[in-house]
Amino acid sequence: KFPLFLEQDAIPNLIYTWEEAIGKTNFYLNELSHRSMDWDILYAGQADACESSPLVYNNMSHFKLDKTIWTYCLHSYIMTPKALDEILSHDFEHNLCVPDDFIPAFYAPEGHKSIHPNLKHLHGRLNAYNMQLMPLIQEQGELPSGKKDSDTENSEYVSDSFFIEIGTSDFDTLEPLAQQ
């Protein structure tokens, strides 16, 4: 009913096992349902670059949500069928860009500085939230320079897998490939 999208480097937050991370995620889904909240996207993991405003529920300290304003990192998120329909119905083939730019354009407020000019018409169509103390994080690989990097193909969780990334987010790089 609510698909969970994970990038190849999504792992449980260091304080959780996979079972605990899944349990926390299911708990939040159940709470959203019981509270009849109007939500479309629920982040189970985000990067530090997330912009959000806190929503506090004083009667339940273990259920804390933030209203997501913008995030560049979509490594762990859940969508409702409504969100999927909305995103797929807005000509994504001709707005080719990374999902990290496309999907937040649907819930960012009008005039947000990070929305690409070609996507400004999408603002405010969806409601996104993120869990406080995310159950999932990105596995951090180490670059030759010693700097930590989140996109690691050396993940112990995907030892026999690979992916190919084509293009950049200039909104027309992948157009010829999509036409083929």
Any side-chain heavy-atom pair from [X] and [Y] closer than 4.5 angstrom?
X      : Y      : result
Phe5   : Leu74  : no
Asn118 : Phe102 : no
Thr17  : Pro12  : no
Tyr16  : Leu136 : no
Pro104 : Ile41  : no

Rounded to the nearest 0.5 Å, what separates atom [atom1] in [X] from atom [atom2] in [Y]?
X     : Y      : atom1 : atom2 : value
Ile87 : Ile103 : CD1   : CD1   : 4.5 Å
Leu65 : Leu42  : CG    : CG    : 6.5 Å
Asn30 : Phe63  : CG    : CZ    : 10.0 Å
Tyr43 : Cys50  : OH    : SG    : 8.0 Å

Taking Phe2 as the starting point, is it possible to reach Leu6 by hopping between hydrophobic residues whose side chains are less than 4.5 Å apart?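 In one cluster with Leu6: Phe2, yes.
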In chain order, what residues pass the side chain to side chain contact (heavy atoms under 4.5 Å, CB included) check against Leu14, with sequence neighbours excluded?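 For Leu14 the side chain to side chain contact (heavy atoms under 4.5 Å, CB included) partners, ignoring immediate neighbours, are Ile137.
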Evaluate the criterion side-chain contact (heavy atoms from CB on, under 4.5 Å) for residue pair Lys24 and Asn13; output intermediate values, then yes/no. CA-CA 11 Å; Lys24 181 173 182 173; Asn13 195 328; over 6 Å; no
Could you list the donor-acceptor pairs under 3.5 angstrom formed by side chains in residues 76-84, with sequence neighbours left out?
from: Thr80; atom 1: OG1; to: Ala83; atom 2: N; distance (Å): 3.1
from: Lys82; atom 1: NZ; to: Asp40; atom 2: OD1; distance (Å): 3.4

Identify every side-chain donor-acceptor pair in residues 123-131 under 3.5 Å, counting partners at least two apart or on other chains, and give the distances.
from: Arg125; atom 1: NH1; to: Glu86; atom 2: OE2; distance (Å): 3.4
from: Arg125; atom 1: NH1; to: His90; atom 2: NE2; distance (Å): 3.2
from: Arg125; atom 1: NH2; to: His121; atom 2: O; distance (Å): 3.3
from: Asn127; atom 1: OD1; to: Lys67; atom 2: NZ; distance (Å): 3.3
from: Asn127; atom 1: ND2; to: Asp38; atom 2: O; distance (Å): 3.3
from: Asn127; atom 1: ND2; to: Asp38; atom 2: OD2; distance (Å): 3.0
from: Asn130; atom 1: OD1; to: Thr68; atom 2: OG1; distance (Å): 2.6
from: Asn130; atom 1: ND2; to: Gln46; atom 2: OE1; distance (Å): 3.4

Please identify each residue that fulfils side-chain hydrogen bond (donor to acceptor under 3.5 Å, both in side chains) with [X], with sequence neighbours left out.
X      : answer
Lys113 : Glu51
Ser114 : Tyr72
Tyr28  : none

Indicate the atoms forming the closest heavy-atom contact of [X] with [Y], along with that distance.
X      : Y      : answer
Trp70  : Asp101 : CH2-O, 3.9 Å
Pro135 : Thr25  : CG-OG1, 3.6 Å
Ile69  : Pro109 : CG2-CD, 3.6 Å

Can you tell me if Ser33 uses its side chain to pair, donor with acceptor, with the backbone of Leu29 under 3.5 Å?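 No, Ser33 side chain to Leu29 backbone: no donor-acceptor pair under 3.5 Å.
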